[in-house]
Amino acid sequence: MLRASVLERFALAVVSTLLALLIGSVIVWATGYDAVEFVTSLLYGAVGNLSNVAFTLRQSTMLILTGVAVAVAFRAGVFNIGVQGQFVVGGFATALTILFLAPLLPGGPVGGVVLMVLGTITAIVAGGAYGALPGLMKAYADANEVITTIMLNFIASGVVYFLIDAYLRPSGTSAPNTESFPDYVDLPGFAFGSGSFSVIGLGVALATALGVYVVMARTSFGYDLVTSGYQESAAAYSGVDPKRTVVTTMTFSGMVAGVAGAMFAIMVLGYYSDPSTFPSFGFDAIAVSLLAANNPLGVIPAGLLFGGLDAGGQYIGFTLDVPSELVDGVIGLIVLFVAAPELFRMSARRFGLGGDDR
Amino acid sequence: LTGDGGDGDTETDTTDGGEGGTTNIAIVSSSAGFGDRAFNDLALEGLENAAEEYDIELQQVEETNQSNYGTVQSRLAESQNPDYDLIVLVGYQHTQALETNAEEYSDQRWMLINDHIERPNVGGYIWANHEMSFQAGVLAGTMTTRELTHEGNSNDPDGTTVGFVGGVDGALINAFERAYVAGVEWVNKDVDVRVGYIGNYEDTQTAANIASSQYDAGADIVYQAAAAAGQGVFQAAQEANRFAIGVDADQSVTLPDYQDVIIGSAIKRINEGTYRVAEGIVQDNWDEVSGRNVLGLDQDAVAVVLGQAIGSKLPDAVSQNLEESKQAIVDGDVTVPCTAAGCQD
Amino acid sequence: MSGSGAPAVELDAITKRFGDVIANDGVDLTLERGTVHALVGENGAGKTTLMSVLYGLYEPDGGTICVDGQPRTFDSPRDAIDAGVGMIHQHFQLVDTMTVLQNVVLGHEPTDNGLVDQDSARAAIDEVCSTYGFDIDKHLDTRIEDLGVGVQQRVEIVKSLYRGADTLILDEPTAVLTPQEVDELFDVMAELTDRGQSLIFITHKLDEAMAVADDITVLRDGESVGTVDGASTSEQELARMMVGRDVLFEGQERTTEPGSVTLDVADLRVQDDRGLEQVSGIDLSVRSGEVLGIAGVDGNGQAELVEAITGLRPVESGTVTFEGRDITETSRRDRIEAGIAYIPEDRQSEGLVQEYDLVRNALLGNQTIEPFVENGFVDWDRVREHAAEIVAEYDVQPPHVEADAGSLSGGNQQKFVVGRELRHDPDLVVASHPTRGVDIGSIEFIHGRLHEMRDEGMAILLVSSKLDEVQKLSDRLAVIHEGEFVDVVDPDAVTEGELGLLMAGRERAAADGGVER
Amino acid sequence: MSVADYAAEHRLAVGGGLAALAAVAAITLLDLPGADLLTVGAAERSLQAAMPIALAAIGGLYAEKSGVFNIGLEGFMIFGALTAAAAAWLISGESSITQGDLWLAILVAVVFCALLTVAFAVLTIRYKADQIVAGLAVWFIGLGFGPFGATVLWGGVSSPTLPNVNDVVIPGLAELPVLGRLLFDTSPLVLLTLVLTVLAWVVLYRTRYGYWIQAAGENPEALDTAGVDVNRVRYATVIFSGAMAGLAGATLSVGIGSGFTGTGVTMVDGRGWIAIVAYLFGNYNPIGAFLASLLFGAMDMLQIQLQTVGISLPGSITGLFPYVAVLVVLTLVGYTRVPAAVGEAYETESE
Ligand SMILES: Nc1ncnc2c1ncn2[C@@H]1O[C@H](COP(=O)(O)OP(=O)(O)OP(=O)(O)O)[C@@H](O)[C@H]1O
Ligand SMILES: Nc1ncnc2c1ncn2[C@@H]1O[C@H](COP(=O)(O)OP(=O)(O)OP(=O)(O)O)[C@@H](O)[C@H]1O
Ligand SMILES: [Mg+2]
Ligand SMILES: [Mg+2]
């Protein structure tokens, strides 16, 4: 039973992706570009050489973390569209912690590790708190979370920008960036020479996905959340307080988004900056999570796929004339198809691929 | 897929790019992206002009996420096919990433627009936004009390109010604002400057609304520093039958539909800068074009040019004041608030 | 309307299958013009299905429908309506946020220049109302949600009449009504038949059927057992036809005596979701080794009372004491942990998660109970064993714990829920309609289990709308009416007639049965 | 009726009242130059700013009233803005763009978005796609293919400068104080919006189609048993919502704007989201949605007026006014009664 649905899910993801890529290629061809080159460049940009792989994995790290954050909430039946904002706030908290504590702590590797750990913890706290906010508004004021979280994304971005520009910008510069973190606050690249990807970051993402999976599948807390998502009335019957669960869910989701923020600040940037120039990981994560049927483990392959699409898209941007926005559109198409499993079921039935007639 | 040479061979022939072979140049946009009708497009234009003159292969890379600049830079620097002789980076958002990459890829030559890093392989080019904005202020301050009519548009010589519409309220655009205000006041202490910020660089409607609000409040000339959104200001000017000042390029030329309201534009000749550096690469004159280059009124790299349609109608006082204030700035008699890089406080 | 002598409706050998379930198996039914034809049968006997076929909601797998002597096929309710057949569903088909007028004319709006012609709509409704003596005209601009069920039902009837129905199907119309409203409904029904309307009346209450019906058809397991004359039949005969054997009313022999008070409820007041008081000062107590039954017409506060006791609904005032501890303010989870089991009325949405398999459903409500969960971690192997034990002991079909709950038939779902709630020795069981939708064999099994558990010293609070069930199972029987206990009686000493009066809110002349409180 | 219920019923009045009160309080307490803040121009611009929001909101509320949550309004608006600009540019060919071209372009945008929504409607209604997810996908697709389309046509994410629809001046009436400038010397699209708002109200509450729409979202079974095809009603409203979003987008790019801007989050810049909030706030009433849009427009203009007058909060903070307002309003006035059947695909029981 379960196996069949995992398989079906996987097939759905593959078919959606292929179909979206096919449509993308047709559009490329129809607008007068070379479709074959489009696809091969996409592949090469994703996995063609070591630095491309590093970029793919870097994007995947971020997408897995934010994807898990989305999955947690969706699983519990709460539409957290605010992962972007929670991730922005989390990363900002990391940056503040590192910048303010660095002078107080000894430098060197030990200081670096301490700063990174503390920075990640504050990110988790900040992300969780920023996630709790719409949770509280939904639970106790019936405010639709889809709308509140979208508003809070705009607000997070605006306020963080303001704070950086007004208070954290080093004198003598005009860019709304904070100072760079000390050199020793950095995750080692190991096999990948890239300055913005570290196997440790990927490890954190994988461990988070696994950890969240265990929580969701093996603990009574996870059971409470998932049951609320499936059937709120049954959850209430079983002793789950629906209001509290909305708040805990959003907090938990925000905490994971906070980890994403920490990794972004430490591993990717090494400083902090105007959030409106950040990639929209929090939104792409919705696609990632959906593709994975909101399963934290499924988020890993989905995150790798989207990371690859991202990297490939960027590569296309600087090798071909095809505008890289196209790749964003293709991602949207994937989401659209994933949203409509019935479409594929019906066509599968039409072509006689199993399924009962009703 | 491995036909592209793999990653083993990273030796770069840095002396390449003489008069002989094709010169490869990549340009990476700022987070505003190309199509901003402002400095991204201008930087590109200079390279395109160079490409018409010389044997240059140009690769245009649009990347609007600041967090990706590190990777984009390194991916381009590592590229073997082609091997870029110069990578042009538009905007200060590239600076932090370039600090690492300029060191890492010490054989790669970089041109950074609007900022600089002390490295032999970097040419940093900063245009004095504050000086040109001061000049724009002089233009506005001079004209607000003078009679001007053009195709049904007119100013209000009795009123002493002008406006400023900025993109994002931050150090960079604050420098435009303060310098502009200083320029206005240099002409006439009594002139009142209305200021508004859009909050981004793409919302033309809000830009138009801010400008309209300022025209309503008596402004007869509005200076915009809002990249793509700035068009909204010209539109508002047409609606109010007032005037406006363009930015970055001569917008009475680049946006001819608005030439009836653009009395002048504060321009920075970024195109000349990128052209010069491209030429330097082709002619193997890196030393002459690298290093820190602050380009201001003194170098004629920034200026206020008068609108192509209206310019001839402006009174002589305008060019006199512009010339006089320019001289004063160049001579150091007038200190323009803020710096080329922005306002610090 | 045809003036011929042909019956209003003739159903001939109607068959309707849902997958393997044969809901209707060659059912015949003849509705004579100007009469009331009652349709009775146990839960799941196929009554609603048969009527849905007649109303065009389901396409029959076999058989024919004749209306006014003409053979008909209905592809949709619209066809049925056009043929003059109207149906008043168990769950009203009214739009809560729209007004009475809008609901009545929905789909058949008179228009004037593209706008709905309010005046002619009003006039047409007025005419229907005055013809049949309805009094809903004063509510025409009231929104449905602001009206009581009785009025809503009349709106449904007016809606059908407005659409020109001359045959009306009423599916369990009395289940939601107060006795007074039932009387009013019967008056309306008499008025309708006097004016030539023909009615099909589905009910579980045999006395009602006998009181208003000219003919009574009994369905059992999808088949028609026969049609009898309403005036001359007896309840015993009908019951025998329905169940297939004589219905036993045997008393239960107790093996133990009730012990100390387990649950005590004092002066409890509870509101429903809309803020209306549904429980108005109820006192009750249940001892260990005792079954307290609560009988009453659905919607008299039973649901709110049960939810307040089990911790799903806050109380306005009063106290709930469990084993000497005041639990009025404690959470549902605390109450589960303290040993209160609850068999919910709505197994579909509360008792089970439809998309979960039985293993995961076996954990529902047990999330904090050892040994299934230790230190917050679920021991799925133990839960699986637990699920398998329930399935085996309660004969859940199919006997696979991997089956999704949603794929089980209603009766099997119910057995699983009952099993889960009864298996780990609670001190109090609150059972709400524990055998709803369950087949006869299982009913007896569940009844037996409840009695066994009572004899082992468990306290049981039983709510059921089936009078035979509460009478058979209870040691004491409280009758609830409009949120208050009318009386508490000895179930063995009371007759159904007396209970009916009590449920209608009329106090008995003399209390008897030697009952506490 | 409790205070909370009353507030929920009359949220718009309450919200508007609160906003007005806050404005008056701020003006008196902070001694602001009230007359400079509340100008006719500001009112006119509020109306203009409200226009695209109101148009999209009315479309969105029709869809949701009938049971389909079209959360993709923002995406459809992007397509509307792009299509209108593209159509105007393509129709005119080499010659300069005439007023007729612009109106034709707006029509093309409306039709094109209606066609796009047909796909969305088929997915959500026939194939029961999750409405929220599909709507988000539309947004992603708009953000991607909008600028992409611009690049294909114009080589950059933005269009060249385009003219916009001329104001109509009604002689005589235009001379009226205040009202003259607001209503009789203004963009015809403002007038169109007003007309559409009233029309939408009449259709929803006074015609049979309106009854059907309400029933489809509240109790589809009741409508079905009344003999009306629920899904047909839903197709109609969803496609209408796409057409309205297209019109809203077209309004931005060629109605009052000067072409399509595709940088960043495009020139639509969150207006589609605000539109959803507007109709929720307006309690699904077209007139309420329009007034709520006006409230947002006024909020935006207030923040601009404050800047103009020189009461300058940091621009990056004042720009957040509308978003914060949405949060405050949703939290204070809270619960919106969402039609009962929203989000559920309807399958008629008759087979
Ligand atoms: N839509 C359906 N799909 C599958 N099975 C169904 C469906 N509707 C009814 N059934 C089955 O058909 C049988 C008859 O159901 P029906 O609703 O007609 O019973 P009923 O006599 O009306 O019962 P009640 O007294 O509870 O209303 C039951 O076994 C039920 O499980
Ligand atoms: N679509 C369906 N698929 C499977 N079983 C169904 C379906 N619809 C109804 N049933 C089953 O048919 C039985 C009777 O259905 P119905 O809807 O008449 O409920 P009911 O038993 O009358 O409940 P109530 O007494 O609360 O009205 C229920 O047990 C239910 O489980
Ligand atoms: Mg039934
Ligand atoms: Mg039933």
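So that the names make sense, note that chain A is the first sequence line, chain B the second, and so on, each numbered from 1. Keep in mind it's a predicted model, so treat the numbers as computed, not measured.
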Fill in the blank from the handout: Distance col, row B/N114:CG vs B/T95:OG1, nearest 0.5 angstrom, shows 8.5 Å
Practice task
Establish, from distance only, whether the side-chain atoms of B/S106 and B/N121 form a donor-acceptor pair under 3.5 Å.
Solution key: no
Practice task
Using a cut-off of under 4.5 Å on heavy-atom pairs, state which of B/V168, B/N65, B/L172 scores highest against chain A.
Solution key: B/N65
Practice task
Please look at B/S31 and chain A and tell me whether the side chain, the backbone, both or neither of the residue comes under 4.5 angstrom of a heavy atom of that chain.
Solution key: side chain
Exercise for the section: Select all residues of residues 272-286 of chain A having any heavy atom within less than 4.5 Å of some heavy atom of chain B, and report them by number, or 'none'. Expected result: A/S273, A/T277, A/F278, A/P279
Practice task
Please identify each residue that fulfils side-chain hydrogen bond (donor to acceptor under 3.5 Å, both in side chains) with B/Y105, with sequence neighbours left out.
Solution key: B/E78
Problem - Salt bridge present between B/R109 and B/D85 (N-O < 4.0 angstrom) - result: no
Practice task
Applying ring-ring contact (aromatic ring centres under 6.0 Å, His included), run through A/F197 and A/F55 and close with a yes or a no.
Solution key: CA-CA 7 Å; A/F197 172 68; A/F55 187 62; 9.9 Å; no
Fill in the blank from the handout: Okay, A/F162 and chain B: the region with an atom under 4.5 Å from a heavy atom over there is neither
Practice task
Answer with side chain, backbone, both or neither: which region of B/N68 has an atom nearer than 4.5 Å to a non-hydrogen atom of chain A?
Solution key: both
Completion exercise
Rounded to the nearest 0.5 angstrom, the CZ-CD distance for A/F154 and A/Q84 is 11.0 Å
Problem - Pair B/R75, A/N49: side-chain N/O donor-acceptor within cut-off below 3.5 Å - result: no
Handout entry: B/Q96 (side chain) donor-acceptor with A/T178 (main chain) under 3.5 angstrom
Key = yes
